[in-house]
Protein chains: 2
Amino acid sequence: MQDHEHKFAEYLAQKGLKLTAPRKYILLEAFKLHEHFNAEELYEKVKRVTPEVSLATVYRTLPLLMEAGLVQSALRSSGRDRYEHIYGHPKHIHWLCRSCGAIMETDLQPINETIAAQAKTIRFEAQDIELNIKGLCWKCTANDNENQPDES
Amino acid sequence: MQDHEHKFAEYLAQKGLKLTAPRKYILLEAFKLHEHFNAEELYEKVKRVTPEVSLATVYRTLPLLMEAGLVQSALRSSGRDRYEHIYGHPKHIHWLCRSCGAIMETDLQPINETIAAQAKTIRFEAQDIELNIKGLCWKCTANDNENQPDES
DNA sequence: GGAATATTGCAACTGATTCTCAATACAGGG
DNA sequence: CCCTGTATTGAGAATCAGTTGCAATATTCC
Ligand SMILES: [Mn+2]
Ligand SMILES: [Mn+2]
Ligand SMILES: [Zn+2]
Ligand SMILES: [Zn+2]
């Protein structure tokens, strides 16, 4: 049994809930996906393994995975909630290119200290940090310049 | 004419759009609200001044205000997009208490430098920075301790 | 195996946001 | 001031991600 499977079982047990087949498959597929995903995308993946699972169950399981600390919400996009699994993926910054939609990630560590200091000042117990930056990736910046080479 | 009204007029003109009465009232009310607001809340405010305005127009005007740099999206909550005006409100960190829903704000300045450095490394042109932190405010932390004074 | 409880798929529902469309306001040129 | 082409509007219909009720199933514990 994988580490995350173990953690999920533990969380469920402690809540008096059951680690059923649908839940297990949803967890497993969430950990096979290495990009951000929304509920429907996860559902599609799970369906390939167990076609009888329902989208509703995926929607119902996602909050459990989040509470268990196995999945976290990521940058919402085109009107849909998105998620990503947590597994040797320490908290990171998301950079979203407005032009091509690419998402880059960088380390959040460098600002953690500053945040901790501010948290202390306002006496806030931080549980979740989400830092999203929107703009243009280098490719799209380059393309923009091509189209408008002279902006004197 | 206020500063922001001016800026909106300018933006609209440059886009070949018109500064109509509904748009003006929506702008004005957005700037009278000093907390975060969603489309409907803004609509309610506007309706008190000009009852004939429609919710659809509020929804249509918000993107214009954002593109004009007068309003920005804030922490989404209970399934609704939220907004805040920008006016002597430099970018700030949002701290959301999961227990009581309170929102605190602190200065984003201290981490700007770090972000700029990372942006340079990945050659990303940052336009918008959103840093949201969820957890417990000091009041709710205190209440929690009251209820579970001994967690040996 | 059987009772008590949790879970599921399905379909209906909800509610925020977007869209359609016909009516209205507007700007600019005569 | 009138006319014409364009932008805007309110009202209501439509969309669609996410939620929920419910009867059928699965699981747990004895
Ligand atoms: Mn990520
Ligand atoms: Mn704010
Ligand atoms: Zn790009
Ligand atoms: Zn609180």
Side-chain angles (χ1 to χ4, degrees), chain A residues 5 8-30 36-68 71-84, chain B residues 8-30 36-68 71-83:
Chain A
E5 202 177 330
F8 195 31
E10 229 165 46
Y11 168 80
L12 291 172
Q14 165 240 322
K15 278 270 186 174
L17 304 177
K18 297 162 186 172
L19 178 49
T20 59
R23 284 180 181 158
K24 186 183 294 189
Y25 286 119
I26 291 166
L27 168 72
L28 293 181
E29 291 307 312
H36 299 179
F37 56 86
N38 61 36
E40 185 127 21
E41 286 162 353
L42 178 55
Y43 168 62
E44 292 300 333
K45 290 287 184 188
V46 175
K47 227 175 22 174
R48 280 186 212 161
V49 184
T50 47
E52 66 280 4
V53 78
S54 79
L55 179 55
T57 297
V58 172
Y59 272 111
R60 283 189 278 236
T61 303
L62 277 168
L64 297 176
L65 291 172
M66 294 184 70
E67 282 157 35
V71 161
Q72 66 189 354
S73 73
L75 207 76
R76 185 179 158 85
S77 118
S78 29
R80 316 194 57 148
D81 290 341
R82 299 189 75 77
Y83 305 87
E84 61 187 329
Chain B
F8 195 30
E10 229 165 45
Y11 168 80
L12 291 172
Q14 165 240 325
K15 278 267 187 177
L17 304 178
K18 296 162 187 171
L19 179 47
T20 59
R23 285 181 181 155
K24 186 183 293 190
Y25 285 119
I26 291 166
L27 167 71
L28 293 182
E29 291 307 312
H36 298 179
F37 57 86
N38 61 35
E40 185 128 17
E41 286 162 353
L42 178 54
Y43 168 62
E44 292 301 334
K45 290 288 183 186
V46 175
K47 227 174 23 174
R48 278 187 214 160
V49 184
T50 45
E52 67 280 3
V53 79
S54 78
L55 179 56
T57 296
V58 172
Y59 271 110
R60 284 189 279 235
T61 303
L62 277 167
L64 297 176
L65 291 172
M66 295 184 70
E67 283 155 35
V71 161
Q72 66 189 354
S73 73
L75 209 76
R76 186 180 157 84
S77 122
S78 28
R80 318 192 57 148
D81 291 340
R82 298 188 74 78
Y83 305 87

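Convention: sequence-line order gives letters A, B, ...; per-chain numbering from 1. Values reported hereafter were calculated over all heavy atoms of this structure, with side chains retained and with hydrogens, waters and symmetry mates removed.
Side-chain nitrogen and oxygen atoms of Arg76(B) include none within less than 4.0 Å of the OP1 or OP2 phosphate oxygen of dA16(C). Side-chain nitrogen and oxygen atoms of Arg23(A) include at least one within less than 4.0 Å of the OP1 or OP2 phosphate oxygen of dT8(C). Residue Thr20(A) places at least one side-chain N or O under 4.0 Å from the OP1 or OP2 atom of dT8(C).
Scanning residues 52-60 of chain B for heavy-atom distances under 4.0 Å to DNA chain C yields Ala56(B), Tyr59(B), Arg60(B).
Positionally, the nearest nucleotide of DNA chain C for Ala21(A) lies more toward the 5' end than for the other of Ala21(A) and Arg80(B).
To the nearest 0.5 Å, atoms NE2 (His36(A)) and CG (Asp81(A)) are separated by 13.5 Å.
Annotation: side chain of Phe8(A) is not in contact with side chain of Glu5(A) (no heavy-atom distance under 4.5 Å). The shortest side-chain heavy-atom distance between Arg23(A) and Leu17(A) falls under the 4.5 Å cut-off.
Between Arg82(B) and Glu41(B) there is a salt bridge, since a side-chain N of the basic residue sits under 4.0 Å from a carboxylate O of the acidic one.
When the P atom of dG18(D) is taken as reference, atom CZ of Phe37(A) falls 12 Å away, rounded to whole Å. The CZ atom of Phe8(A) sits 12 Å away from the C1' atom of dT7(C) (whole-angstrom rounding).
Listed candidates were dT17(C), dA27(C), dT7(C). Nearest to the side chain of Asp81(B) is dT17(C). Closest approach to the Ala39(A) side chain among dG18(D), dT8(D), dT17(C) is made by dG18(D) (side chain taken as heavy atoms from C-beta onward).
If you check distances only, the side chain of Lys18(A) never reaches the base of dT7(C) with a donor-acceptor pair under 3.5 Å.
The local environment of OH in Tyr25(B) is sparse, with at most 12 non-hydrogen atoms from other residues, nucleotides or ligands closer than 6.0 Å. The local environment of OH in Tyr83(B) is crowded, with over 12 non-hydrogen atoms from other residues, nucleotides or ligands closer than 6.0 Å.
At a threshold of 4.0 angstrom between heavy atoms, the contacts of Asn38(B) with the nucleic acid are absent.
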